[in-house]
Amino acid sequence: MDEFITELAPVASKKVFKKHSILLYQGEAPRTAFVILSGALKVYSINTAGEEQVVNFHTQYDMLPTSWIFKRSSTTLYYYEALTDCEVLAVPRNELMQVISKKPEYMHLMMDYFASNYVGMLVRVTALEQSRAREKIMFTLYYLMFR
């Protein structure tokens, strides 16, 4: 992964976000993709009662917003907030895609990244489906450990 980050560096800019800063707002049209170098983010929506509904967490080397990066959405689907102080690379989408497609090993990194996220999301959904608090907590801890 270090080699991939090194390849991105010339076409990216480093940004620092303080804890509780919003990187992206739901419905915003991103100008760049982000690759997390350090720190953690939470991804959430706000329901009609005004309550946060956390849908994911992002940590080191995660890329976001993936739906926008891979042209599945023209805007962000969720809020992205720094849980800790974060350092990220801001990379234009086209530049990111060019670097990914440069080497077969980068494509393998992407496949591994998405497979891990997919399995993590399945565990997260399983946690949310549990009727007892104990099982919810156990599956949520398993999800966090997996992430």
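Just so you know, these numbers come straight off a predicted model, no measurement behind them.
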So the side chain to side chain donor-acceptor pair (under 3.5 Å) pairs with at least one residue in residues 119-140 (sequence neighbours excluded) are none
Using a 4.5 Å cut-off on heavy atoms from C-beta on, say whether the side chain of L77 contacts that of P65. no
Quick one: does any side-chain atom of T76 pair with a main-chain N or O of Y25 as donor and acceptor, under 3.5 Å? yes
Treating Ile, Leu, Val, Met, Phe, Trp and Tyr as nodes and any side-chain heavy-atom pair under 4.5 angstrom as an edge, say whether I69 and V35 lie in one connected cluster. yes
Less than 4.5 Å apart, any side-chain heavy atom of V88 and any of I36? yes
Ignoring hydrogens and angles, tell me if any N or O in the side chain of S101 forms a donor-acceptor pair with the backbone of Q98 under 3.5 Å. yes
Trace of the side-chain contact (heavy atoms from CB on, under 4.5 Å) decision for L41 with F17: CA-CA 10 Å; L41 303 175; F17 291 92; over 6 Å; no
Return each pair, listed once, that meets salt bridge (Lys or Arg N to Asp or Glu O under 4.0 Å) where at least one residue sits in residues 75-93; pairs must be two or more places apart or across chains. K14-E87
Those residues at least two apart in sequence (or on a different chain) that pass side chain to side chain donor-acceptor pair (under 3.5 Å) with E51 are N47
Any side-chain heavy-atom pair from L109 and Y61 closer than 4.5 angstrom? no
Side chains of Y106 and E3: closer than 4.5 Å at any heavy-atom pair? yes
Side chains of Y113 and M63 in contact at under 4.5 Å (non-hydrogen atoms): yes
If we only count heavy atoms from C-beta on, is the L89 to L37 side-chain gap below 4.5 Å? yes
Does L128 reach the side chain of F139, with side-chain heavy atoms less than 4.5 Å apart? no
Residue pairs, two or more places apart or on separate chains, that pass salt bridge (Lys or Arg N to Asp or Glu O under 4.0 Å) and touch residues 17-46: K42-E52
Taking only residues two or more places apart in sequence or in another chain, which ones pass side chain to side chain donor-acceptor pair (under 3.5 Å) with K102? E7
Should we count CE of M138 as having more than 12 external heavy atoms under 6.0 Å? no
Are I5 and V16 connected in the hydrophobic side-chain network, where two residues link if heavy atoms are under 4.5 Å apart? no
Ring pair (Phe, Tyr, Trp, His ring centres under 6.0 Å) pairs touching residues 68-96, sequence neighbours excluded, are Y44-Y79, F70-F114
